[in-house]
Amino acid sequence: MERKIDKWLLEWKNTENKNPVILTGPTMVGKSYSVLNFGKQNYENYIYINLEYNPLVSNLLNKETNIDRLFEKLCLLYHIDGKREDTLLIFDNIDYYEKIINVLLRFKEWNQEYDVICIGNNVIIPPKNTSYVGKIMFKKMYKMDFEEFLIANNQNQLVDFIKVSFDKCRKNSFHAVALEYFKKYLVIGGYPSVVNKYIETNDYNLVLIKQHEVFKAINNYIFKNYKGNTSKILNSINSVPIQLFKENKKFQYGVIKKGARQSEYKEPIEWLKKSDILIKCLKVNKINRSISSSSDDSSFKLFFNDNGLLSSQYGIDYNSILDKKWERHLDAILQNYVADTLYSNGHQVYYYESDGKAEIPFVIQKTNGKVIPIDIERRRKAKNITRFTKDNEILYSINLSFDNFSKRGNIKNIPLYAIMYL
């Protein structure tokens, strides 16, 4: 399946004096598959090294300081022609090798001809004031967004129509078709193995089984990598569907279990956030020049990194997702979808609350400093967002719904499926 990372990797390959790449992101989003497919299609040779299961290579990386000799030994070990000019080195699961940064710096400083990509889930990206800046590239990859989902379903032309409608804020002639695919995406989500199962079978029961397999794989990843109390971290993640089903979706420790305290669960939740398994949406009750400086870390909502996983926990299928009986579930899934999409686009997500009542589900701040409130209304009732915009001198706001594109004053009405372009 075509992924956005494919284009980025190809541009990287064609860059002169390229830096080694560290590709990070949540588990199960297709990082290894994409890099291996890229190596197969664009290089004469590639060497794939999984550092979790190959202690021999880890030992070799520790001892061999000469990069040319290291490359020759890796070629011999993996039975690869030692033509370094068209060979890609892939180091996977670098989380299990703490000294990988030093190895990459040696590659960068020794010879510009080596192409190296590293893959990890929870790699600590060094601060900008370190010696790594300008020598190593860091790129983050997430699961498939709605655009990639459409492309996987051979809807490239529909993608073009949505892009044009978003850029010009004008009606999409194929809005009804886009909504049908969007309903599917809400249920299926963006994990590649799940999307592939749907494309292969068009069977939502098999899709659900695959979603449960992904959820189990995420739990196994937690068991393998989390060093604290695993019951507490699993209780935290398992409480999210219940937290989001509440009318007030603010995270409450008492929902995890009776008597649960912040001191017990703060660290597990931060680990889940750091691992991009959960998304943390902080509260703001006033807007300063910088939203982050006015956020309240003690009040937050938690979302899954995939709306399909949440749908699978509720047991919703494609045919019934818009039925009235699922209305509260749909509200949770839509908020989860918006939070995940915004976060995957590089936005820190916040929600606005005034006088104890959540008024605006999402607020973001773009790199140019502009604050954008984002409401979710299925019938274009935008009273909250209108008041917020006026009180905080916001230039424009966004109202998301199942309706087509339109604009009223300083409110842009955008279909939910198009938020991926914000």
Side-chain angles (χ1 to χ4, degrees), residues 145-147 159-176 178-179 182 248-250 279 281-296 299-301 303 330-331 333-422:
D145 64 12
F146 183 54
E147 181 181 77
V159 168
D160 294 336
F161 279 112
I162 296 173
K163 283 181 180 177
V164 171
S165 295
F166 179 86
D167 291 339
K168 299 184 178 181
C169 202
R170 72 182 188 192
K171 290 188 180 298
N172 175 16
S173 301
F174 295 89
H175 175 69
L179 277 183
F182 179 62
N248 179 5
K249 293 172 174 48
K250 174 185 172 182
I279 298 165
C281 180
L282 300 178
K283 184 185 83 170
V284 291
N285 51 26
K286 61 180 180 178
I287 302 298
N288 295 328
R289 184 169 295 180
S290 170
I291 292 184
S292 60
S293 65
S294 58
S295 62
D296 181 2
S299 298
F300 58 90
K301 303 174 187 177
F303 298 97
L330 180 59
D331 181 51
I333 292 168
L334 290 179
Q335 285 207 33
N336 197 102
Y337 157 77
V338 174
D340 171 44
T341 304
L342 292 173
Y343 181 76
S344 298
N345 280 357
H347 299 291
Q348 174 58 54
V349 286
Y350 302 90
Y351 72 99
Y352 176 80
E353 184 178 82
S354 177
D355 301 325
K357 181 180 179 182
E359 296 180 346
I360 307 297
F362 296 103
V363 181
I364 62 172
Q365 188 166 33
K366 302 189 78 173
T367 53
N368 60 9
K370 290 182 179 180
V371 174
I372 304 176
I374 302 171
D375 207 354
I376 304 175
E377 299 286 348
R378 280 185 274 165
R379 296 179 181 85
R380 289 185 178 171
K381 294 179 180 179
K383 294 180 180 178
N384 290 338
I385 205 166
T386 301
R387 184 170 62 250
F388 175 88
T389 302
K390 182 179 179 180
D391 293 345
N392 293 280
E393 298 181 353
I394 305 298
L395 292 178
Y396 76 94
S397 55
I398 291 175
N399 187 50
L400 300 173
S401 71
F402 288 106
D403 297 319
N404 211 327
F405 291 91
S406 66
K407 188 174 182 181
R408 291 181 300 150
N410 60 352
I411 299 178
K412 293 182 179 180
N413 293 293
I414 296 175
L416 280 149
Y417 58 74
I419 193 65
M420 58 190 172
Y421 294 121
L422 183 61

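Scanning for salt bridge (Lys or Arg N to Asp or Glu O under 4.0 Å) contacts around K163 gives E147, with sequence neighbours left out. For D340, the side chain to side chain donor-acceptor pair (under 3.5 Å) test picks out K143, S344, with sequence neighbours left out.
Judged by distance alone, with hydrogens and angles left aside, the side-chain atoms of Q365 form a donor-acceptor pair with the main-chain N or O of I291 at under 3.5 Å. Between the side chain of N345 and the backbone N or O of H347 there is no donor-acceptor pair closer than 3.5 Å.
Cation-pi contact between K301 and Y351: present, with separation from the ring centre below 6.0 Å and deviation from the ring axis of at most 45°. In this structure, K250 forms no cation-pi arrangement with F300, as its terminal cationic atom is not both closer than 6.0 Å to the ring centre and no more than 45° off the ring axis.
The aromatic rings of F146 and Y417 are tilted relative to each other, their planes meeting at an angle between 30° and 60°. Taking the six-membered ring for Trp and thresholds of 30 and 60 degrees, F161 and F174 have ring planes inclined between 30 and 60 degrees apart.
Looking at S299 and D296, their side chains come closer than 4.5 Å, going by heavy atoms from C-beta outward. Residues I374 and V363 have side chains not in contact (no heavy-atom distance under 4.5 Å, counting atoms from C-beta outward). Between N413 and F405 the shortest side-chain heavy-atom distance does not fall below 4.5 Å. Taking the side chain as every heavy atom from C-beta outward, K249 and D331 approach each other to under 4.5 Å. I411 is not listed as a side-chain neighbour of Y396, based on a closest heavy-atom distance of 4.5 Å or more.
Here CD1 of I360 is found 7.5 Å from OG of S397. Values are rounded to the nearest 0.5 Å.
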Residues N399, I376; criterion side-chain contact (heavy atoms from CB on, under 4.5 Å); working and verdict
CA-CA 6 Å; N399 187 50; I376 304 175; over 6 Å; no

Verdict with supporting geometry, N404 and N172, side chain to side chain donor-acceptor pair (under 3.5 Å)
CA-CA 7 Å; N404 211 327; N172 175 16; 5.5 Å; no

Please evaluate residues I414 and F166 with respect to the criterion side-chain contact (heavy atoms from CB on, under 4.5 Å), reporting the C-alpha separation (whole Å), side-chain torsions for both, the decisive distance (0.1 Å), and the verdict.
CA-CA 8 Å; I414 296 175; F166 179 86; 3.8 Å; yes

Please lay out, stage by stage, how I398 and L422 fare under the test side-chain contact (heavy atoms from CB on, under 4.5 Å).
CA-CA 10 Å; I398 291 175; L422 183 61; 3.8 Å; yes

Please test I419 against L400 for side-chain contact (heavy atoms from CB on, under 4.5 Å), starting from the C-alpha separation and ending with a verdict.
CA-CA 8 Å; I419 193 65; L400 300 173; 3.9 Å; yes

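Minimum interatomic distance between T341 and M420 (heavy atoms only, all atoms of both residues): CG2-CA, 3.5 Å. The heavy-atom pair separating A339 from V349 by the smallest distance is O-CG1, 4.0 Å.
Taking the centre of each ring, F362 and Y343 stay at or above the 6.0 Å mark. For H175 and F402, the ring centers sit 6.0 Å or farther from each other.
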